[in-house]
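A short worksheet on the structure shown next.
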Amino acid sequence: MDDKQIFDQIRELVNAEHDLRAAEQSGTAVDPRRLRSLEETLDQCWDLLRKRRALRDSGLDPDDAEQAPIDEVEKYLQ
């Protein structure tokens with residue numbers, strides 16, 4: 001997955017998260033597991049972009065970056 005694909009996925013996830021939060025604010029019941037899953041996947045995407053950038057900046061192949069497990073990126077500060 002290249003940077004553009006990761007950014008596209010982030011955009012989709014952010015839109016889905018915004019939709020859920022808007023529904024929640026309007027009084028609609030929202031599945032907290034779905035929201036949590038979106039947040040975790042976003043954390044993984046941002047982490048993967050950071051790894052790709054670090055590899056690129058080091059003169060290495062950014063395609064060697066691998067997605068980290070959720071427990072390693074959970075609540076990763078943006």
Side-chain angles (χ1 to χ4, degrees):
M1 187 179 312
D2 64 20
D3 289 359
K4 182 189 178 319
Q5 291 171 313
I6 298 169
F7 278 117
D8 289 344
Q9 184 177 8
I10 287 171
R11 191 173 300 108
E12 290 176 25
L13 292 165
V14 166
N15 288 337
E17 181 185 18
H18 286 184
D19 291 346
L20 283 177
R21 292 203 186 276
E24 189 175 52
Q25 287 182 348
S26 70
T28 303
V30 172
D31 181 359
R33 293 172 296 186
R34 174 68 179 134
L35 190 55
R36 176 86 172 147
S37 175
L38 286 170
E39 292 169 345
E40 290 170 343
T41 305
L42 275 167
D43 287 346
Q44 286 179 305
C45 288
W46 286 117
D47 181 70
L48 183 57
L49 280 174
R50 286 182 180 95
K51 287 179 180 178
R52 289 180 57 80
R53 183 183 320 138
L55 287 172
R56 190 179 301 110
D57 290 349
S58 298
L60 302 172
D61 185 357
D63 291 334
D64 289 342
E66 295 182 10
Q67 191 170 37
I70 289 171
D71 61 337
E72 288 182 19
V73 295
E74 189 174 357
K75 298 183 183 171
Y76 195 77
L77 296 177
Q78 302 302 321

query: Hey, is Lys4 close enough to Asp2 for a salt bridge, meaning N to O under 4.0 Å?
result: no
- request: May I have the step-by-step check of side chain to side chain contact (heavy atoms under 4.5 Å, CB included) for Ile10 and Leu42, ending in yes or no?
  value: CA-CA 6 Å; Ile10 287 171; Leu42 275 167; 3.9 Å; yes
Minimum-distance pair of heavy atoms, taken over all atoms of Cys45 and Ile6: O-CG2, 3.7 Å
- prompt: Is a side-chain N or O of Gln44 found less than 3.5 angstrom from the main chain of Ala68, in a donor-acceptor match?
  reply: yes
- line: In this structure, CZ of Arg33 is separated from CG of Leu35 (nearest 0.5 Å) by 12.0 Å
Atom CD of Gln5: over 12 foreign heavy atoms under 6.0 Å: yes
query: Is it true that Arg52 and Asp63 make a salt bridge, defined as a side-chain N closer than 4.0 Å to a carboxylate O?
result: yes
message: Nearest 0.5 Å, please: how far is CG in Leu38 from CG in Asp43?
response: 11.0 Å
message: Within a 6.0 Å radius of atom CZ on Arg56, are there more than 12 heavy atoms belonging to other residues, nucleotides or ligands?
response: yes
From Glu40 atom CD to Leu13 atom CG, the distance as rounded to the nearest 0.5 Å: 11.5 Å
Side chain to side chain, Glu24 and Arg21, heavy atoms closer than 4.5 Å: yes
query: Any Lys/Arg nitrogen of Arg11 or Glu17 sitting under 4.0 Å from an Asp/Glu carboxylate oxygen of the other?
result: no
message: I'd like to know if Lys51 and Asp47 make a salt bridge, using a cut-off of under 4.0 Å between side-chain N and carboxylate O.
response: yes
- request: Report the distance from atom OG1 of Thr41 to atom CD of Gln9, rounding to the nearest 0.5 Å.
  value: 7.0 Å
message: What's the separation between atom CD in Gln25 and atom NE2 in His18, rounded to the nearest 0.5 Å?
response: 10.5 Å
message: Nearest 0.5 angstrom please: Asp64 CG to Leu60 CG, how far?
response: 7.5 Å
message: Does any part of the side chain of Phe7, heavy atoms only, come nearer than 4.5 Å to the side chain of Leu49, both counted from C-beta?
response: yes
- prompt: Is there a donor-acceptor contact under 3.5 Å from the side chain of Glu72 to the main chain of Pro69?
  reply: no
Flag, side chain of Ser58 to backbone of Ala54, donor-acceptor distance under 3.5 Å: yes
